[in-house]
Amino acid sequence: MNFTGSNILSVEQFDLDSIQQIFATADRMQPYARRQKRTKVLDGAILGNLFFEASTRTRVSFGTAFNLLGGEVRETTGMESSALAKGESLYDTARVLSSYSDVIAMRHPKSGSVAEFAQGSRVPVINGGDGANEHPTQALLDLYTIKKELAYHGHLIDGMHICMMGDLKYGRTVHSLSRLLALYKNIRFTLISPQELAMPDSVLAVLDQAGHRVTITDQVSGSSDADIVYQTRIQQERFTTPQEADQYRGKFRLNSEIYTKHYKPNTVIMHPLPRDSRAEANELDNDLNQHPNLAIFRQADNGVLIRMALFALTLGVAEQVEKYDCEVNWYSDKRNSY
Ligand code: NCD
């Protein structure tokens with residue numbers, strides 16, 4: 001795939017070769033994220049970081065990734081503080097903001113909104129999550145994490161068993177991740193959710209067509225050979241009322257006791273974050289924080305590498321990153337820590 005100038009809107013754009021290209025580029029970003037060296041390859045470039053829905057990790061890691069490549073970040077957060085609140089169309093917003101930026105990352109609560117925005121943009125647009133639809137950069141960082149974690153245990157993605165648990169209906173991360181995993185061979189999916197929050201048929205059809213084995217259940221038991229357990233938050237913002245979400249909160253929890261009882265000792269624990277740590281939800285308990293298989297913070301760290309790779313590729317500088325290297329002048333503990 002030629003990434004230069006392209007939008008990143010959906011995981012449907014990718015095949016195994018393009019994923020490999022992104023991952024190989026992400027690997028080369030490690031020394032910059034670890035502050036072993038800097039690059040000025042995007043010196044003078046501007047990222048328009050538009051987040052019309054709550055975000056911590058995705059928004060800040062897009063910004064950090066761009067800064068680590070030497071570029072500048074201009075941020076707009078919240079619908080109320082933008083002209084969208086005055087009735088401006090996504091098309092007009094895109095026409096204007098794209099002339100202020102070289103690339104745009106965008107999150108918006110409506111499915112399909114980022115693709116609609118991209119039609120008005122003159123610069124590449126990267127989808128940071130559009131409603132319950134897709135979250136392609138999260139799926140790439142999840143897949144990158146899965147690949148690394150499984151390699152550590154001597155396994156491949158092909159043939160693995162993944163359990164996805166929680167809100168599979170509204171959770172865009174599991175939609176995008178499942179579609180990406182469908183490209184691999186012979187994967188076993190165990191999809192654990194309340195019936196009302198089951199994985200959408202459109203995603204199941206993709207898995208079915210690719211010949212993967214899918215078990216749909218509302219029971220946690222029966223997954224003791226899972227390689228990955230991917231927990232999700234009840235997406236309360238997608239329900240009509242908070243009370244509607246309340247009835248599902250806390251239904252499928254993962255804590256040390258449940259993990260030890262239902263999973264094998266090296267099952268990798270993932271969650272896109274944020275985890276809902278309120279007592280009534282607490283889908284991923286703090287008592288697993290020190291567990292070596294808890295990969296949630298490695299996922300978040302990998303997000304910077306993947307987003308750096310996507311910026312370098314879409315702006316056509318992936319092969320020039322090292323040419324613009326310079327030194328880090330300050331002390332940084334990160335150089336040796338991960
Ligand atoms: C996810 C999202 O926004 O879809 N968070 C993220 O980007 N890491 C998951 C969530 O909010 O539950």
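Below, each value reflects all heavy atoms present in this structure, side chains not excepted, and no hydrogens, waters or symmetry copies. Counting convention: from 1, in listed order, for ligands and their atoms alike.
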Return the option from I234, L273, I296, D130 holding the heavy atom at the smallest distance from atom 8 (N) of ligand 1.
-> L273
Does CD belonging to E327 count more than 12 external heavy atoms closer than 6.0 Å?
-> no
Compute the minimum heavy-atom distance from E53 to ligand 1 and say whether it is under 4.0 Å.
-> no
Ranked by distance from atom 11 (O) of ligand 1, the top protein heavy atom is R233 NH2, 2.9 Å
More than 12 heavy atoms from other groups under 6.0 Å of CZ on R122 = yes
So does D246 pair up with R249, basic N to acidic O under 4.0 Å?
-> yes
Would you say R172 has any N or O atom under 3.5 Å from an N or O of ligand 1, going by distance alone?
-> yes
Counting from 1, what ligand 1 atoms have a heavy atom of H135 closer than 4.0 Å?
-> 2 (C), 4 (O), 6 (C), 7 (O)
Q138-ligand 1 polar pair, N/O distance under 3.5 Å | yes
May I have all residue pairs that pass side-chain hydrogen bond (donor to acceptor under 3.5 Å, both in side chains) and include part of residues 189-201, sequence neighbours excluded?
-> H161-T190
Considering only heavy atoms, which of T173, D276, T137 lies nearest to atom 1 (C) of ligand 1?
-> T173
Per-atom contacts, ligand 1 versus P272 - under 4.0 Å to a heavy atom = 8 (N), 9 (C)
salt_bridge(R238, E53) N-O dist < 4.0 Å = yes
P274 heavy atom under 4.0 Å from ligand 1 = yes
Does atom CD of E116 have more than 12 heavy-atom neighbours, drawn from other residues, nucleotides or ligands, at distances under 6.0 Å?
-> yes
Do other residues, nucleotides or ligands put more than 12 heavy atoms under 6.0 Å from E322 CD?
-> yes
